[in-house]
2 protein chains.
Amino acid sequence: MVDPASLYERFSALGAMSRRTFADFLALGEEKRIAKHAFWSQPGEKVRHFALVLEGLVRHYYVDPKGRESVKAFRGPGEFSAPYAEIIQRKPSRTFIQALADTTLLTFDVDVFEEMASRSLEVQRLARRFVELHFVGKEQREYEFLQLSAEERYQKFCAERPEHLNQIPQHQVASYIGITPVALSRIRARVVKKQKMR
Amino acid sequence: MVDPASLYERFSALGAMSRRTFADFLALGEEKRIAKHAFWSQPGEKVRHFALVLEGLVRHYYVDPKGRESVKAFRGPGEFSAPYAEIIQRKPSRTFIQALADTTLLTFDVDVFEEMASRSLEVQRLARRFVELHFVGKEQREYEFLQLSAEERYQKFCAERPEHLNQIPQHQVASYIGITPVALSRIRARVVKKQKMR
DNA sequence: GCGCCGCGTTATCCCGGGTTAAGAAGCGCA
DNA sequence: TGCGCTTCTTAACCCGGGATAACGCGGCGC
């Protein structure tokens, strides 16, 4: 369980922003509990909320016309969870967001937040900071697909989310790194073998 | 050659922004000409500028420790060109930006722009809008790596940048879609064969 | 003109990962 | 306890793309 106020430093990096403003922002949020396996956002709906994960774990994924799932992201405490691209484009959502464990969110109404941002330069800057962090994350991911092998992507994933490794089913990890569950299983077998050789 | 003022609609989508503010922003820019094959931004430097492409074409790429190049993006008239992730993170640049044709840029000093944004909610919103569009682009790219085959990615690329296809060397296209030049050559041969069958 | 070089193509060989199918292990639930 | 489900693994086979090398071609400098 994270204390939302502890996130102040991370988001204020763009320039001076008062704790007061940040607290005002946090005050907009409503706590919401999601049971394991339940969805808090689904395709088709107009997206009305974004959320900060306080506790638990969620995954973002979409399903293509042929029914194949692709996991876009996992998000744990202190991270944002929302169909961000769709909010930006004001389009109906195409992504599922599902809890992988009992999860507590702090949810924000997009319109209410936007209204606040339209009146405050600091909140506008906060909004900008949110997107910037998301952007850097995606660019990182692009790098991984361009320059790393599946095995390297897997090891990177393990290093990044050690605390979640046992909460996430293997086939979802596979989907996240862009391979099939069978291929991931083989990679894991390879990795174990290499470790034994030392 | 694009008229920068014509971009007003694209960037004002987030909320009301006056043409006046947008013009003030544009007034910060300085025109800069880059000869074909020259670089306008290179790794190692502290990043001081971002730019709008007025005419021509550039590519963004990085080189890994083993010397392998990966193309992150091509940018033509009306699009932004900058090591954006590094600006956001205030880190020295890791990316090369090279002109693929004689190119005219409208360059902006990051600090000057930031100063302007710190005084104007509308400019702050504009800055936010810039990042949002970049974010959506990266998410699109993530989708392509997760769900499309190399051949599909190639055809998508052809559809997206028909006007640049003959300006961009094949091996750079290959790098952009995440395969080797040899593989792209085979794919092209396959595609031609399929077209003949009709 | 000649030679050189960068670029794209093609062939060969190999390997990683996709596909399919079968089986093992864990777990909730009747 | 036994059933069924999901998750993970393993094996067989196939195919796309990586690596390397040879060749052709056009551009360019000499």
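Below, read A as the first sequence line, B as the second, and so on, with proteins coming before strands; counting in each chain starts at 1. Predicted model only: the values in this text are computed from it and were never measured.
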Derivation and outcome, salt bridge (charged side-chain N to carboxylate O under 4.0 Å, His left out), residues B/E132 and B/R128: CA-CA 6 Å; B/E132 288 190 337; B/R128 177 180 167 197; 3.3 Å; yes
At less than 4.0 Å, is any side-chain N or O atom of [X] found next to OP1 or OP2 of [N]? Yes or no.
X	N	result
B/T180	D/dG17	no
A/S185	D/dC8	no
A/Q172	D/dT7	no
B/R188	C/dT9	yes
B/R190	C/dT10	no

To the nearest Å, give me how far apart [atom1] ([X]) and [atom2] ([N]) are.
X	N	atom1	atom2	result
B/N166	C/dC7	CG	C1'	15 Å
A/I179	D/dG17	CD1	C1'	16 Å
A/Y154	C/dG17	OH	P	14 Å
A/L146	D/dG18	CG	P	12 Å
A/I187	D/dT10	CD1	C1'	15 Å
A/E152	D/dG18	CD	P	14 Å
A/F145	D/dG17	CZ	P	16 Å
A/H37	D/dT7	NE2	P	7 Å

So which nucleotide from [options] ends up closest to the side chain of [X]?
X	options	answer
A/P169	C/dG8, C/dG17, D/dC8	D/dC8
B/V182	D/dT9, C/dT19, C/dA11	C/dA11
A/R186	C/dG17, D/dG17, D/dC8	C/dG17

Side chains of A/H60 and A/S81, donor plus acceptor under 3.5 Å: yes
Cation over ring face, B/R59 and B/Y61, 6.0 Å, 45°: yes
Pair B/E144-B/R141, salt bridge (charged side-chain N to carboxylate O under 4.0 Å, His left out): steps then yes or no: CA-CA 5 Å; B/E144 290 166 21; B/R141 199 150 150 71; 5.0 Å; no
Of A/F80, A/F135, A/F108, A/Y84, the residue whose pairing with A/F130 passes ring-ring contact (aromatic ring centres under 6.0 Å, His included): A/F80
